[in-house]
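In what follows, chains carry the letters A, B, and so on, assigned in the order in which the sequence lines appear, proteins first and then strands, with residues in each chain numbered from 1. Predicted model, so just to flag it, every value in this text is computed and none were measured.
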Amino acid sequence: MFMNILTSPWPWYVAGPLIGLMVPLLLLLGNRSFGISSNLRHICAACLPGKIPFFSYDWKRESWNLFFAGGIVIGGLIAGTLLPNTGPSSIHPQLAAEMAGYGVTYAHAPLPAELFNWPALFTLKGFLLMIAGGFLVGFGTRYAGGCTSGHAIMGLSTLQWPSLVATCCFMAGGFIMANLVLPFILHL
Amino acid sequence: MSLPSNTDFEVESPDISADTTAKKAPWWRQLQYLAAGIIFGIILIRSEVISWFRIQEMFRLQSFHMYGVIGSAVLIGIIPVAIIKKTGAKTFYGEPITFHPRSFNKGQIFGGLLFGFGWALTGACPGPLFAQIGAGFTVTLATLASSILGTWVYGLLRDKLPH
């Protein structure tokens with residue numbers, strides 16, 4: 001019974017507040033700002049700074065965040081591989097119907113295996129979803145100065161209005177892509 | 001107008017790199033961040049925030065789930081931040097807690113839109129990318145590698161982009 005509670009998907013009102021508490025936790029642990037995407041910058045600064053001013057800083061001072069990201073991988077291993085989610089989980093019938101039109105079914109996994117797999121990387125559809133999509137995530141978050149955690153959660157929690165602008169633009173970009181462009185990609 | 005030296009809301013070093021007097025924290029404190037990351041990773045999986053399908057529902061207004069997660073996270077984040085600001089609370093180790101207000105630039109619009117495009121394609125923002133890898137979706141390593149490349153190209157072109 002107890003295990004069922006731990007492994008069934010958590011509702012938003014459990015997960016959201018827990019994520020919000022990451023903000024004071026990191027501040028109290030060592031005056032750190034919650035924000036994941038900056039790790040991508042630190043990895044560039046550590047591995048391939050190439051005399052680019054944007055990557056010429058002491059990334060080791062920010063290495064706490066790389067430990068945090070490593071922790072996310074381990075957390076994913078624990079909750080995704082060792083004790084995966086159980087219990088009921090479904091998607092909106094309209095989304096299921098739309099996806100069926102592209103040959104994609106919801107198999108209770110976070111990623112549809114039909115779209116996200118290694119061989120698919122070498123198809124146009126898979127390239128656009130994973131490689132182009134990943135590139136936009138990395139380029140866009142740094143251009144914006146933060147991601148969902150850095151802007152939407154940390155930035156809004158500290159009442160910085162530029163973070164509200166960024167968050168609105170994240171959502172606007174997502175709406176445009178998901179509704180106007182993605183259908184064409186999924187038909188490929 | 002010249003580009004401000006630090007437009008990053010997440011990286012503080014470029015602001016404080018001149019300050020070399022700060023005491024170096026003992027190595028074991030890094031383990032706390034590892035532990036916090038593990039907790040965050042578990043939350044991301046259990047709440048299905050890492051699900052491509054939940055992201056698609058969000059951008060089609062078919063589910064309240066993601067709005068509830070992000071909205072309640074912000075509400076719960078605001079309160080302790082306000083208390084810390086008001087009381088001048090220090091870290092568990094007695095160091096002052098500082099906030100770094102950033103200014104608006106056009107990057108938040110252009111970059112925000114571009115990230116939004118990528119978010120809807122991959123179904124993952126940066127945190128979930130790491131969680132998906134841990135959950136056994138090895139192909140996300142390719143997505144992550146491409147996001148690192150995207151960050152690098154931004155760094156390369158930064159001075160030529162409108163900010």
Side-chain angles (χ1 to χ4, degrees), chain A residues 10 12 15-20 23-24 29 31 35-38 40 44 52 54 57 61 64 67-69 71-77 79-81 91-92 110 130-131 133-148 150 153 156-157 162 165-166 169-170 173-174 177-178, chain B residues 7-11 13-14 30 32-34 37-38 41-43 45-47 50-53 59 62 65 68-69 72-74 76-78 80-81 97 104 107-109 111-122 125-127 130-131 134-136 143 146-148 150-152 154-155:
Chain A
W10 297 349
W12 62 265
L18 288 175
I19 293 174
V23 171
L29 281 178
N31 189 25
I36 316 291
S37 65
S38 47
L40 306 174
C44 290
I52 297 169
F54 192 64
Y57 62 95
R61 292 183 69 114
W64 73 272
F67 279 86
F68 189 73
I72 297 174
V73 176
I74 298 171
L77 183 75
T81 310
I91 60 171
H92 195 279
M130 291 177 272
I131 303 302
F135 187 92
L136 287 168
V137 167
F139 189 96
T141 50
R142 215 69 273 114
Y143 196 175
C147 60
T148 329
I153 295 175
L156 292 185
S157 290
V165 175
C169 290
F170 298 166
M177 176 58 70
Chain B
T7 51
D8 208 308
F9 275 61
E10 294 183 357
V11 184
S13 281
Q30 304 279 29
Q32 306 174 131
Y33 303 116
L34 188 76
I38 292 173
I42 292 173
I43 300 168
I45 300 271
R46 285 290 181 263
S47 61
I50 69 156
S51 167
W52 185 82
F53 292 98
F59 290 137
Q62 290 167 339
H65 184 75
V69 168
S72 60
V74 172
I76 295 299
I78 284 176
V81 166
I97 293 176
F104 171 78
Q108 283 130 31
I109 296 174
L113 287 170
L114 293 173
F115 165 53
F117 297 156
W119 195 7
L121 286 170
T122 61
C125 41
F130 290 102
T143 314
S146 189
S147 70
I148 294 168
T151 299
W152 191 85
Y154 166 72

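Counting heavy-atom pairs closer than 4.5 Å to chain A, the top residue among B:Gly41, B:Ser147, B:Ala120, B:Gly118 is B:Ser147. Counting heavy-atom pairs closer than 4.5 Å to chain A, the top residue among B:Tyr33, B:Phe130, B:Phe104 is B:Tyr33. The residue among B:Gly155, B:Ser47, B:Gly136 with the most heavy atom pairs within less than 4.5 Å of chain A is B:Gly155. The most heavy-atom pairs under 4.5 Å with chain A, out of B:Ile38, B:Thr143, B:Ile76, come from B:Ile38. Interface remark: of the candidates A:Pro24, A:Gly138, A:Gly150, A:Gly138 forms the most heavy-atom pairs closer than 4.5 Å to chain B. Residue with the most contacts toward chain B among A:Ile74, A:Thr148, A:Ile72: A:Ile72 (heavy-atom pairs, distance under 4.5 Å). For the options B:Pro126, B:Gly127, B:Ser51, heavy-atom pairs under 4.5 Å to chain A are most numerous at B:Pro126. In terms of heavy-atom pairs under 4.5 Å with chain A, the best-connected choice from B:Leu114, B:Ile45, B:Ile148 is B:Ile45. Comparing A:Gly174, A:Ser38, A:Ala178 by how many heavy-atom pairs each has under 4.5 Å with chain B, the most go to A:Gly174. Note: A:Pro17 leads A:Ala15, A:Pro17, A:Ala69 in heavy-atom pairs under 4.5 Å with chain B. Counting heavy-atom pairs under 4.5 Å between each of A:Cys147, A:Pro162, A:Ala166, A:Gly146 and chain B puts A:Pro162 at the top. Heavy-atom pairs under 4.5 Å with chain B peak, among A:Ala79, A:Gly35, A:Gly133, A:Gly80, at A:Ala79.
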- Query: Run the side chain to side chain contact (heavy atoms under 4.5 Å, CB included) check on B:Leu121 and A:Met177 step by step: do they pass?
  - Reply: CA-CA 7 Å; B:Leu121 286 170; A:Met177 176 58 70; 3.7 Å; yes
- Before giving the answer on side chain to side chain contact (heavy atoms under 4.5 Å, CB included), spell out for B:Gln108 and A:Cys169 the whole-Å C-alpha distance, their side-chain angles and the decisive distance to 0.1 Å. CA-CA 8 Å; B:Gln108 283 130 31; A:Cys169 290; over 6 Å; no
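In terms of modelled atom types and a separation under 3.5 Å, the side chain of A:Thr81 and the main chain of B:Gly134 share a donor-acceptor contact.
Here CH2 of B:Trp152 is found 4.5 Å from CD1 of A:Ile52. Values are rounded to the nearest 0.5 Å. The line from CG of A:Leu40 to OH of B:Tyr154 is 13.5 Å long, rounded to the nearest 0.5 Å. Residue A:Leu136 holds its CG atom at 9.0 Å from OG1 of B:Thr122, rounded to the nearest 0.5 Å.
Between A:Phe139 and A:Phe135, the ring planes are parallel. Angles under 30° get that label, and only those over 60° would be called perpendicular.
Within the 4.5 angstrom heavy-atom criterion, atoms from both the backbone and the side chain of A:Val73 approach chain B. For A:Phe54, the part lying under 4.5 angstrom from a heavy atom of chain B is the side chain only. The parts of A:Ile153 that come within reach of chain B are both its backbone and its side chain, each placing non-hydrogen atoms under 4.5 angstrom from that chain. If you measure heavy-atom distances from B:Val69 to chain A, the contacts under 4.5 Å come from both the backbone and the side chain.
The shortest heavy-atom contact between A:His92 and B:Gln62 is CD2-O, 3.1 Å. Closest of all the heavy-atom pairs between A:Ser157 and A:Val23 is OG-CG2, 4.3 Å.
The side-chain heavy atoms of B:Ser146 and A:Met130, taken from C-beta on, include no pair separated by under 4.5 Å.
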